[in-house]
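Down below is the structure, laid out as structure tokens.
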Amino acid sequence: MIAQLIFAVLLGIGVFLFTKRIAFVRRNIKMGRDIDLSDRKSERWKTMARVAIGQSKMVTRPVAGILHIFVYVGFVIINIEMLEIVIDGLLGTHRIFSSIGPLYDILIGAFEFLALSVLVACVIFLIRRNVLALARFKSPEMGGWPSLDANIILVAEILLMFAFLSMNATDAIAVGRDIDHYVQAGSFPVSQFLVPLYSGLSDVGIVAAERGFWWFHIAGVLAFLVYVPYSKHFHILLAFPNTYYSNLDELGKLENMAAVKKEVDLMMDPTADPYATPPPSDDTNEPQAPPCFGVKDGTDLTWKQIMEAYSCTECGRCTSVCPANLTGKMLSPRKIVMDCRDRIDEIGALRDSNGGVIKDDGKKLMGDYVSEEEIWACTSCQACVDACPINISPMGIILDMRRSLIMEDSKSPEPITTMFNNIENNGAPWAFPAASRGDWINEK
Ligand code: SF4
Ligand code: SF4
């Protein structure tokens, strides 16, 4: 009874902390500017199925892609076992689903193979990160917490899988010795090789070990549940909505800025009354943000861009194909996305500590997190967008930050300023009068 009570309390704390963090992130995403992505629903479902469930963009790098699929499929399916563990924990039963007969044996056997594949894949990932030290895991933005975060999760998954297999091995020993409470159920094609590790224990020791692994497994999974929304592993959940709301237009298409387009439409409309009272807003409860020309701070991002920031896996595939980064420029598209997430987290925490009202802390995404040099290094080639395994667009954020620099601050590098002046004065980007535009026809 006490064990059941402790289990229920642990479960309650885990679920409470998880939902608390989810609610925080949800509020943060809702701080973003509105963008209508409610169109082309069937295309969106197909994109999500192909990219998030099918992991189609992961396998462009086959080794990492296939290992990732092992971890993903293995971890998700093994967690079906959690359902049994939770029911056993609350009711004080043992292997409650064993009554389904041979299917149970097949399931447990399959879970064991999956657990082994997750374990092996995580060991290889750890070696790639820390021993082989691939360049994209050693960029400056990956120092400190991001690197630690990746290692924590890999080690946690290894320990959880080992605990799962050891739980089965000690369970099999207990069944073999006819210890009370243990039932003949399941097949153990992998954990049978761990049996010699524990067979020297007494009956009391076996029960203690089996219960210990059982508690470690469930406590570890609950800790994982609480930890995931704070880490880059949040993509386990957010990859689905993020790919659903993918940009379905051609990669090269740039959207007009709604606020600017509205002004231009008004200017071009001879029937428009510039002094007319604006129409009432559809949603009178929500405070209306002022017109936004690009992105200067976290709250200028759209809700989709904020969702992208929380979905980023920090894999660095974008940075590894970025021509600016490859030629030694300051820009790393991964860092831009990570900066957006950090800034939004900061604004969200300030808002919550200030009774739900966003407080000015004197900081901005532009300047305090991202520098102008990074923003102007982008060639807008779209390689980062193409490479991202979950359809994030670092370039979209960069271009919106550039728009803010130009439209709000009139800041642009010298060659671009010259081009703007030429367009304004000559109707062309070159420093020649409009009247001489056709001169090339007479050139010999
Ligand atoms: S669009 Fe910009 S950030 Fe993305 S890969 Fe090209 S240069 Fe790099
Ligand atoms: S933006 Fe995409 S490609 Fe870049 S680090 Fe994040 S998940 Fe990886």
Side-chain angles (χ1 to χ4, degrees), residues 6-33 48 52 71-72 75-76 78-79 82-83 85-86 89 141-142 144-157 159-160 216-245 297-299 301-315 334-359 361 363 365 369 390 392 397:
I6 295 172
F7 182 86
V9 170
L10 267 184
L11 187 66
I13 292 173
V15 171
F16 170 73
L17 293 176
F18 175 74
T19 46
K20 188 167 174 253
R21 173 67 182 175
I22 296 288
F24 174 74
V25 172
R26 189 163 174 270
R27 286 197 299 279
N28 289 354
I29 291 174
K30 287 180 79 170
M31 283 196 302
R33 292 193 171 268
M48 187 183 85
V71 175
Y72 165 73
F75 199 76
V76 169
I78 290 165
N79 278 316
M82 284 303 298
L83 188 61
I85 292 184
V86 167
E141 71 267 19
M142 292 307 288
W145 167 247
S147 180
L148 181 65
D149 177 29
N151 284 329
I152 286 175
I153 287 288
L154 289 172
V155 171
E157 289 190 19
L159 292 176
L160 285 177
F216 180 86
H217 187 67
I218 182 66
V221 170
L222 288 175
F224 193 87
L225 184 76
V226 174
Y227 180 78
V228 156
Y230 288 91
S231 101
K232 75 183 189 104
H233 291 82
F234 205 9
H235 74 268
I236 296 171
L237 301 175
L238 282 183
F240 297 96
N242 192 65
T243 48
Y244 177 85
Y245 291 114
D297 204 357
T299 46
L301 295 160
T302 65
W303 62 261
K304 172 61 173 49
Q305 288 170 325
I306 298 175
M307 182 188 280
E308 289 182 343
Y310 279 111
S311 307
C312 177
T313 72
E314 298 175 10
C315 66
R334 168 174 56 188
K335 175 184 171 291
I336 304 286
V337 178
M338 290 166 70
D339 284 342
C340 290
R341 184 196 54 208
D342 292 347
R343 177 60 183 151
I344 276 292
D345 253 354
E346 188 174 52
I347 296 172
L350 271 170
R351 175 207 54 212
D352 285 2
S353 67
N354 195 41
V357 179
I358 297 174
K359 193 165 70 176
D361 62 350
K363 286 162 80 177
L365 177 64
Y369 285 81
I390 49 171
I392 290 172
I397 297 170

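Hydrogens, waters and symmetry mates are skipped; everything else that's a heavy atom, side chains included, is used.
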Nearest heavy-atom contact between Phe16 and Thr19 is O-OG1, 2.9 Å
Backbone of Lys232 reached by a side-chain donor or acceptor of Asp149 within 3.5 Å: yes
CD1 of Ile347 to OG1 of Thr299: how many Å apart, nearest 0.5 Å? 5.0 Å
Nearest 0.5 Å, what's the CG-CD distance between Leu365 and Glu346? 10.0 Å
Distance in Å, Met31 CE paired with Leu301 CG, rounded so as to fall on 0.5 Å steps: 9.5 Å
Donor-acceptor contact present, side-chain Asp361 to main-chain Leu350, <3.5 Å: no
From Lys304 atom NZ to Asn242 atom CG, the distance as rounded to the nearest 0.5 Å: 4.0 Å
On a heavy-atom basis, which atom in Ser311 and which in Leu238 lie closest, and how many Å separate them? OG-CB, 3.4 Å
What's the shortest heavy-atom distance between Ala52 and Phe240, and which atoms? CB-CD2, 3.7 Å
Flag, side chain of Glu157 to backbone of Leu154, donor-acceptor distance under 3.5 Å: no
Passing option when Pro146 is tested against Glu141, Lys335, Met338 for side-chain contact (heavy atoms from CB on, under 4.5 Å): Met338
Check for a donor-acceptor pair, side chain of Arg27 on one end and backbone N or O of Gly356 on the other, with a separation under 3.5 Å. no
For Asp345 and Tyr310, run side-chain hydrogen bond (donor to acceptor under 3.5 Å, both in side chains): C-alpha distance rounded to whole Å, both residues' side-chain angles, the deciding distance at 0.1 Å, then the answer. CA-CA 9 Å; Asp345 253 354; Tyr310 279 111; 2.7 Å; yes
